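Everything below concerns the one structure shown next.
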Amino acid sequence: MGVYEELVARGLIAQVTDEKEIRELVNNGKAVFYIGFDPTADSLHVGHFMALCLMKRLQMAGNKPIALIGGGTAMIGDPSGRTDMRQMMTKETIEHNVSCFREQMSKFIDFSDDKALMVNNADWLLDLNYVEVLREVGACFSVNNMLRAECYKQRMEKGLSFLEFNYMIMQSYDFYALYQKYGCNMQFGGDDQWSNMLGGTELIRRKLSKDAYAMTINLLLNSEGKKMGKTQKGAVWLSAEKTSPFEFYQYWRNVDDADVIKCMKMLTFLSLDEIEEYAKLEGSEINKAKEVLAFELTKLIHGEEEATKAQEGARALFVSGNDTENMPSTTLSDDDFTEGEISVLDLLIKCSLIPSKGEGKRLITQGGVSIDDAKVTEIFAKLSLKDFEKGYVVIKKGKKVFHKAVK
RNA sequence: GGGAGAGUUCCCGAGUGGCCAAAGGGGGCAGACUGUAAAUCUGUUGGCAGUGCCUUCGGUGGUUCGAAUCCACCCUCUCCCA
């Protein structure tokens with residue numbers, strides 16, 4: 001089975017421009033492909049992880065990946081898949097984000113010995129001359145066609161600025177530039193990028209009379225059709241500072257039954273045969289598969305040691321009771337105590353478990369807070385230093401959130 | 001440039017002078033049931049202090065005892081005409 005067939009079997013491929021050609025290139029390690037990443041935050045998140053996985057799989061099959069960081073296109077803002085206008089980002093923010101991306105990616109993709117490249121489209125986009133671009137590139141685009149593209153259609157009601165309208169042209173120009181510079185013959189991206197990617201193949205055909213290919217990967221959607229990797233607090237990040245390994249592990253440990261196998265196929269490097277075995281599990285047995293999924297992913301992102309810690313921590317908490325070793329924790333100082341006491345509400349705030357005291361009161365009233373296994377029943381309950389005699393207390397919020405307060 | 005309309009709390013969306021911290025739905029959170037799942041049911045959903053205060057209905061001023069609601073100007077968006 002070639003790598004292309006494997007991608008299909010894992011349910012990763014959404015659309016391709018020319019299946020035969022792409023299979024041929026990819027399976028024989030002849031592809032030089034690029035994937036673009038918009039530096040809209042200072043860390044990569046789960047959505048990017050799919051793309052990174054794909055890069056790695058293809059790299060292992062002998063193809064050469066180019067990670068393109070959109071330092072230039074971020075100045076414009078991609079309207080695809082968005083119903084509202086993007087906030088304009090400052091140059092400084094973009095530069096900061098670019099360097100964060102660079103660091104995270106190099107942990108995952110092998111950039112040594114020219115096996116992969118990392119480029120920033122700011123290097124060629126920012127110096128373009130407006131009139132020149134219009135004549136060279138603008139002439140190749142039909143506004144009529146652009147307006148028919150799905151990504152703009154959605155915006156026709158809510159409004160689309162000329163700035164954003166140009167995003168497709170800039171992305172197309174990237175492909176064109178990479179083709180000439182590095183012989184990049186293929187572009188991958190999320191399925192919402194389809195029209196932008198076609199713009200690039202079309203531009204290359206017109207300008208150079210050469211064929212280039214595009215392929216989109218399925219977005220990671222849950223059984224309800226919503227994008228995965230988002231929590232109420234925001235995205236699930238790959239950096240340990242923004243999403244701790246424990247939280248990361250828990251996110252995957254808690255996915256719906258219906259989504260476990262799909263996630264395994266799309267995100268892990270477990271063999272398809274092995275995954276088939278997990279797919280046979282039923283009922284509460286599915287929990288085993290969830291543990292494997294969570295462990296494998298945490299290992300990929302944070303390393304085996306952290307993954308083991310997260311797994312043991314979770315098992316201890318949920319199965320056997322109270323191992324506090326790997327629990328997220330907050331250290332309290334003397335200033336947090338008034339006359340040797342701290343109120344439960346202040347404690348919860350200090351540990352960032354609640355955003356406001358009103359929320360805390362509600363939680364306590366509804367029986368959602370326990371400290372050292374004792375349910376807190378009084379909203380103005382206080383803890384004294386005596387309660388910290390063993391050095392910490394364990395706070396339980398709801399059923400799944402555990403936190404250790406150390407003194 | 002001319003004309004018409006819109007901007008409400010996390011999101012959608014009601015509200016056209018006091019009964020509005022603002023209906024309803026979605027989402028979130030908590031409880032029950034469970035398998036750290038789903039479905040279902042219940043409660044809850046601006047902040048701070050215990051019943052009152054503060055901040056919030058695009059922005060800034062104004063009218064009024066009292067404004068999300070009326071007036072003026074401004075900003076943003078949509079539609080029609082050019």
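Here the structure is a predicted model, which means the values were calculated and not measured. Per chain, numbering begins at 1; letters A, B, ... match sequence-line order.
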Quiz item: Given the rule in the side-chain hydrogen bond (donor to acceptor under 3.5 Å, both in side chains) test, do A:Q104 and A:S43 qualify, once you have shown the distances and angles that lead to the verdict?
Solution: CA-CA 8 Å; A:Q104 284 188 331; A:S43 168; 3.2 Å; yes
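Rounded to whole Å, atom C1' of B:rA37 lies 13 Å from atom CD of A:Q250. If you take CG of A:N254 and C1' of B:rA38, they are 12 Å apart, rounded to a whole angstrom. Separating the CG atom of A:D257 from the C1' atom of B:rU36 is a distance of 11 Å, rounded to the nearest angstrom. Following rounding to the nearest Å, A:K399 (NZ) and B:rA37 (C1') show an atom-to-atom distance of 11 Å. A:F295 places its CZ atom 20 Å from the P atom of B:rU36, with the value rounded to the nearest Å. Protein atom CG of A:D346 is 9 Å distant from nucleotide atom P of B:rA49, rounded to whole Å. In this structure, the CD1 atom of A:I354 is 19 Å from the P atom of B:rU44, given to the nearest Å. Taking atom CD of A:E285 as the reference point, atom P of B:rG35 lies 12 Å away to the nearest angstrom.
Residues passing the side-chain hydrogen bond (donor to acceptor under 3.5 Å, both in side chains) test with A:D211, sequence neighbours excluded: none.
A:E359 comes within 4.0 angstrom of the backbone, heavy atoms only, and of no base. When heavy atoms are screened at a 4.0 angstrom cut-off, A:K361 is found touching base atoms of the nucleic acid. When heavy atoms are screened at a 4.0 angstrom cut-off, A:I379 is found touching base atoms of the nucleic acid. When heavy atoms are screened at a 4.0 angstrom cut-off, A:R362 is found touching the sugar-phosphate backbone but no base atom. A:K290 comes within 4.0 angstrom of a nucleotide base, judged by non-hydrogen atoms across all strands.
Taking a pair to require two hydrogen-bonding distances under 3.5 Å in either a Watson-Crick or a G-U wobble arrangement, B:rA22 remains unpaired. Across all strands shown, B:rC54 is found opposite B:rG46 as a Watson-Crick or G-U wobble partner, with both distances under 3.5 Å. If you check B:rG7 for Watson-Crick or wobble pairing at under 3.5 angstrom, you find it paired to B:rC75.
Applying the 4.0 Å criterion to OP1 and OP2 of B:rU34, one finds that A:K400 has every side-chain N and O outside that range.
Judged as a ring pair (Phe, Tyr, Trp, His ring centres under 6.0 Å), not a single pair has a partner in residues 255-282 of chain A (not counting sequence neighbours).
Residue A:E378 qualifies as enclosed at atom CD: its count of foreign heavy atoms under 6.0 Å is above 12.
Looking at A:S343 and A:D346, their side chains do bring a donor and an acceptor atom within 3.5 Å of each other.
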